[in-house]
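Reading through the structure tokens given below for one structure.
None of these values were measured; they are calculated from a predicted model. Excluded from the calculations below are hydrogen atoms, water molecules and symmetry mates; all remaining heavy atoms, backbone and side chain alike, are included.
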Amino acid sequence: DFLQYLLGTIEKAKGVDKDQFSSLFRIKHKISWVCDGCKKVHTHSDPPGFSLSVPIPNRSGVSLTDCLNTYHRESNVTIRCDKCKKNAKRTRIFKLDNAPDVLPIQLMRFGYGARGPTKNKQHVDFPEELDLSPWALDQSQPSKYRLQAIVAHSGSLKFGHYIAYVRGPDGIKEISDSSVSPSNAKEWRRPTSGFNPYILVYIKQ
């Protein structure tokens, strides 16, 4: 929430080049689905956002690719066709229409269950190099990214602590409040015990 608020505030600030800011941070999707009855293809654009909030599939051995596949293909959605006027369960396909230079990906670890707030602590394997072309509307456009930073969380939805790993010119650093210490690519893929990667920040190459 703070990330969305911060970027939204900067975008509205005086002197900010809106087009340049959009190319840096704005993520836009084109959404389509096909009516099973009349076969009409429906398309529309999703409002642009500042991050991808991807669900974590409920199974072992989950990768970021699995999360992105789940996000970009939404099954069993009840939609009314404006041509044949019929309601039915459809599959909506999301395609990236604009891939920004800075791509934050939020792993949706927090939710609500039968007993209240819950946190999904399942490990998600994520790569150092990410190619978004499988989910892009125009697969000829450059869409290769490199992992630049990670925000990890320890605790529950009600309380906890965040740490960050950031890649800089002098290597990877682990940041916890005012403490900054050296880290490495192996450690940030498997953060300190008890911490779960929550936001992954990729930079377009």
Side-chain angles (χ1 to χ4, degrees), residues 1-11 25-27 29 46-78 92 94 96 100 102-130 132 135 145-168 171-203:
D1 288 344
F2 177 74
L3 176 64
Q4 304 295 319
Y5 170 78
L6 176 64
L7 292 176
T9 301
I10 295 173
E11 184 180 35
F25 296 106
R26 280 294 188 184
I27 304 165
H29 279 86
D46 210 21
F50 293 121
S51 66
L52 293 181
S53 297
V54 299
I56 303 173
N58 186 24
R59 62 176 186 271
S60 60
V62 172
S63 67
L64 182 58
T65 296
D66 297 324
C67 299
L68 288 167
N69 282 336
T70 302
Y71 176 85
H72 286 95
R73 186 178 180 86
E74 189 177 17
S75 303
N76 297 322
V77 182
T78 300
R92 291 194 297 198
F94 295 70
L96 278 164
V102 181
L103 177 68
I105 300 177
Q106 175 194 359
L107 300 174
M108 296 176 65
R109 294 197 177 276
F110 300 112
Y112 286 88
R115 298 183 179 181
T118 61
K119 177 184 175 182
N120 186 341
K121 298 181 180 181
Q122 183 173 337
H123 174 71
V124 176
D125 187 47
F126 49 90
E128 291 275 331
E129 308 290 335
L130 176 65
L132 284 180
W135 306 283
Y145 289 78
R146 186 188 188 201
L147 187 62
Q148 187 71 23
I150 298 169
V151 177
H153 178 265
S154 175
S156 68
L157 186 127
K158 293 182 178 180
F159 65 90
H161 182 65
Y162 289 95
I163 60 175
Y165 294 86
V166 180
R167 189 199 303 272
I172 297 171
K173 303 293 186 182
E174 179 183 328
I175 303 169
S176 178
D177 293 333
S178 60
S179 172
V180 180
S181 57
S183 186
N184 56 57
K186 183 178 180 180
E187 288 180 355
W188 79 346
R189 296 283 297 280
R190 290 275 187 175
T192 303
S193 178
F195 283 86
N196 308 108
Y198 178 45
I199 298 176
L200 314 173
V201 181
Y202 285 87
I203 304 294

Side chain to side chain contact (heavy atoms under 4.5 Å, CB included) between His29 and Leu96, intermediate numbers included: CA-CA 5 Å; His29 279 86; Leu96 278 164; 3.5 Å; yes

Full working for side chain to side chain contact (heavy atoms under 4.5 Å, CB included) between Tyr145 and Leu132: CA-CA 8 Å; Tyr145 289 78; Leu132 284 180; 3.4 Å; yes

Verdict with supporting geometry, Leu68 and Leu52, side chain to side chain contact (heavy atoms under 4.5 Å, CB included): CA-CA 9 Å; Leu68 288 167; Leu52 293 181; 4.0 Å; yes

Criterion side chain to side chain contact (heavy atoms under 4.5 Å, CB included) on Ile203 and Val102, from CA distance to verdict: CA-CA 5 Å; Ile203 304 294; Val102 181; 4.0 Å; yes

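Arg146 contributes no side-chain N or O that, together with a main-chain N or O of Glu129, makes up a donor-acceptor pair within less than 3.5 Å.
When all heavy atoms of Ala185 and Glu128 are compared, the pair lying nearest together is CB-OE2, 3.7 Å. In this structure, Pro104 and Leu3 approach most closely via the heavy-atom pair CB-CD2, 4.0 Å. When every heavy atom of Ser176 is checked against every heavy atom of His161, the shortest pair comes out as OG-NE2, 3.0 Å. Residues Ile56 and Met108 come closest through the heavy atom pair CD1-O, 4.1 Å. The two residues Asp66 and Gly61 come nearest to each other via the heavy atoms OD2-O, 3.8 Å. Here the closest non-hydrogen pair linking Val77 and Glu74 is CG2-CG, 3.5 Å.
The distance from the CG atom of Leu107 to the CG atom of Leu64 is 6.5 Å, given to the nearest 0.5 Å. In this structure, Gln4 CD and Thr9 OG1 are separated by 11.0 Å, a value rounded to the nearest 0.5 Å. A distance of 6.0 Å separates CG in Asp46 from CZ in Phe94, rounded to the nearest 0.5 Å. In this structure, the separation between CG on Asn184 and CZ on Arg167 is 11.0 Å, given to the nearest 0.5 Å. In this structure, the separation between CG on Leu147 and CG on Leu200 is 6.5 Å, given to the nearest 0.5 Å. Note that the CZ atom of Phe50 and the CG atom of Leu103 stand 13.5 Å from one another [nearest 0.5 Å].
Looking at Ile172 and Glu187, their side chains never come closer than 4.5 Å, going by heavy atoms from C-beta outward. The shortest distance between side-chain heavy atoms of Phe126 and Ile150 falls below 4.5 Å. Between Asn196 and Lys119, the closest side-chain pair of non-hydrogen atoms falls below 4.5 Å. At a threshold of 4.5 Å between non-hydrogen side-chain atoms, the residues Phe25 and Glu11 do not count as touching. Between Thr70 and Val54 there is no side-chain heavy-atom pair separated by less than 4.5 Å.
A side-chain contact (heavy atoms from CB on, under 4.5 Å) with Cys67 is found for one member of Pro55, Pro57, Ser53 and no other, namely Pro57.
Relative orientation of the Phe110 and His153 rings is perpendicular, given thresholds of 30° and 60° on the angle between their planes. Ring planes of Tyr162 and Tyr198: tilted class, angle from 30 to 60°.
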